[in-house]
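Within every chain, numbering begins at 1; the chains are lettered A, B, ... in the order of the sequence lines, protein sequences first and strands thereafter.
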Amino acid sequence: MTAFSALLRTFAELEPGDAEARTAAGEMLGVFSTTAIPAAPSVGAWKPTLSEGGTSPGSSMPLPTLPADPEQPRRQPELAASAGVRSRLTVVSRGKAVLEIPDWARQPDQPLWPVVSSPVTPAVKPLFAPLRRRGILFAIVSTLVEEGEVDLERAVDQLSTGAGLRKLPRSPIATTRRGVQVLVDQGSGLDPFRDDQRQVVLALDDLLSDDRFEVRYFRGCPSRGVYAVGDESARAWRAPSPKTPILMLTDLGLGGPLFEDDVASTGEWLAFAARASEGGRAILALVPYEARRWPRALSRAMRLVHWSERTSVGEVRRALRDARRGGLA
Amino acid sequence: MDFKRKYFDPVAAGGVKLKDGSVAFGTGANSYVFAEKVILALNIALATKRPLLVSGEPGSGKSTLAASIAAILDRWYYRHVVTSRTQAAELLWTFDTLKRLNDANSDVQDLLSKQCYVDPGVLWWAFNPATAEQRGSTPLAEGEQRYRAADPGISSSAKPHDQVVVLLDEIDKADPDVPNDLLDPFDRKTFTVRETNDSIHPVRDALLLLTTNGERELPPAFLRRCVTVVLDPPTEHWFVEIADRKFGVKDQALHVSVARAVKSLRDVAKSSGVRPPGTAEYLDAVEVCKELEITPDSKVWGQATQAVLWKRDEPPVLAIPAEPRP
């Protein structure tokens, strides 16, 4: 029975006599979609909501305002990715070559061209298409638990040794019950992907229970310190519970200007990956740059997934399976 | 709202219609105040035979709704609390493979028929309790009758019922695929126990209620198959009505005072981002105040409030005037 035929049946059986009852019936059956299931108030971990500002459909969640470095003026992350593409050129003073910076580029916080204010900024096509996003993210953040069907082959194998069964072997199934810690890179190399970062965080918020979902922001590498929304200063990164996956939305320092202070070395990333993966935690990173640019050592230390319009669920699963075969959690 | 209460009419069942159109029903533990839109949603769910998805703030009466409906409709009532580990298949049955293996290797315990290791789930009980009790469509062997399963259903009367209410509480706790998966057995109703190749057919009609705290988004396909209703946040009046129904109107002034305290704490909790106290906490507080003769003027009022309503380290600063109910 479709929603519309269910509505007809409702009208025939219950004979709603006023507009209020008819409208309510339509909403309850999903024919008139004005009633949304409200989300619970956020408890514990920060939870972004659609009412937190922003002008474009893709920029409805603000990123936190990070404090400026006292020694070096640092651009604050945009609250809404709607002010055009910003750029910053850096003078190289330690070497012989010194870049001549034109006057128009001397103000790093100014956009390269005038921003035309508009009530609604057209949404940029997301890297993960909405129809595939949920499946891709589920594949990324789900972990395997051996709670599926009894694995007869393994059971027979074990019994054949005569050792007996201490635990019934079961086939693995995917679950999101362990939640995820999301680490969002605020480096300038990710500037073109701010909306994508927001969309991924929002989609994960829909996918996971509030108490299993933690979002932190960082620059360079999470081991340098992380921020939660509203934090005045960086705090030390704390690992989530054992076996809870960690998802990073990062470019691993591949993008952005040359000689950027925020870029962490491969060694720093490797040290972080080693520390984060203790306790059986899977370390994953969505990287908006092609695999050929990824530092090879990092590919072996964490699961890297290409964050692009062409990424499919199958591709993600294959990448994660290959990583597991390679010995990663 | 003007509509025919064809399938669910708490007034006809003895409820009292209140000024705002809601209906107070029952006394004691099963008392409930049905908002008009809830009555409409239930009539729609029963008319269209669709599951009813109930959402709303914590403490708005989602979980207690099903038991009250079962009481009004005089149906058996089954409840299953969904957890992050719940899989849709276990609502029909589970099979204790490990126990069977253990029995097969035991010198003491004889290996029983496979049927004895089948554990009926809540939907099996709802659809066909006779076969659920026997763990299959055929009766257990003479010597295995002691392995009959116990019916987890609750009924307000001893008479047999051909209709039931099933509550699947906190569906949003489950993994994302579970909501869709569990509607499939509910739609088909007939199923086959794989381990025993036993086909089970329904003999009872079930109204399925699901609750969600909105912790995660439910799949659109699942929402399309449900009738949805959002319960309004509980008001002081709602709390008092529930307490009057449960405890009687003798201490109504106390009910009002505690309702005010709960309302204030709910406001503080919401602004602090913590879970607000709900109906269960309110009724606990009323009961504590009655049993220990605590009033808002008592010295221990603050401590009692913190212990039963607030349940956090820092006590909230609240001034609760003890005024009679308007």
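Between B:M1 atom CE and A:R22 atom CZ the span is 12.5 Å, to the nearest 0.5 Å. Rounded to the nearest 0.5 Å, atoms CG (A:L168) and CG (B:N102) are 11.0 Å apart. In this structure, the separation between OG1 on A:T10 and CG on B:L40 is 8.0 Å, given to the nearest 0.5 Å. The OG1 atom of B:T48 lies 11.5 Å from the CE atom of A:M28; values are rounded to the nearest 0.5 Å.
Interface residue A:R134: only side-chain heavy atoms are found under 4.5 Å from chain B. Neither the backbone nor the side chain of A:A12 has a heavy atom closer than 4.5 Å to any heavy atom of chain B. Only the side chain of B:Q87 comes within contact range of chain A, judged by heavy atoms closer than 4.5 Å. Contacts between B:N43 and chain A at a heavy-atom distance below 4.5 Å involve backbone atoms as well as side-chain atoms. Interface remark: B:L52 contributes no atoms to any contact with chain A (heavy atom separation under 4.5 Å).
For B:F8, the ring-ring contact (aromatic ring centres under 6.0 Å, His included) partners at least two apart in sequence or on another chain are B:F34. Not a single side chain to side chain donor-acceptor pair (under 3.5 Å) links A:R317 to another residue, sequence neighbours left out.
Within the structure, every pair that satisfies the salt bridge (Lys or Arg N to Asp or Glu O under 4.0 Å) test and touches residues 135-149 of chain A, not counting sequence neighbours, is listed here: A:E146-A:R154, A:E147-A:R177, A:E147-B:R85, A:E149-B:R194.
Contact of the B:L98 side chain with the A:V150 side chain is not registered, since no non-hydrogen atoms from C-beta on lie closer than 4.5 Å. Side-chain contact between A:E15 and B:K6 is absent, with no heavy atoms from C-beta onward closer than 4.5 Å. A heavy-atom distance below 4.5 Å is found between the side chains of A:L207 and B:P176.
Counting heavy-atom neighbours within 6.0 Å of B:K263 NZ, excluding the residue itself, gives a total of 12 or less.
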Check against side chain to side chain contact (heavy atoms under 4.5 Å, CB included), B:R50 and A:L29:
CA-CA 9 Å; B:R50 287 183 173 217; A:L29 284 165; 4.0 Å; yes
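Not one N or O on the side chain of B:D2 forms a donor-acceptor pair closer than 3.5 Å with the backbone of A:P16.
Residues from residues 239-247 of chain A never place a non-hydrogen atom less than 4.5 Å from a non-hydrogen atom of chain B.
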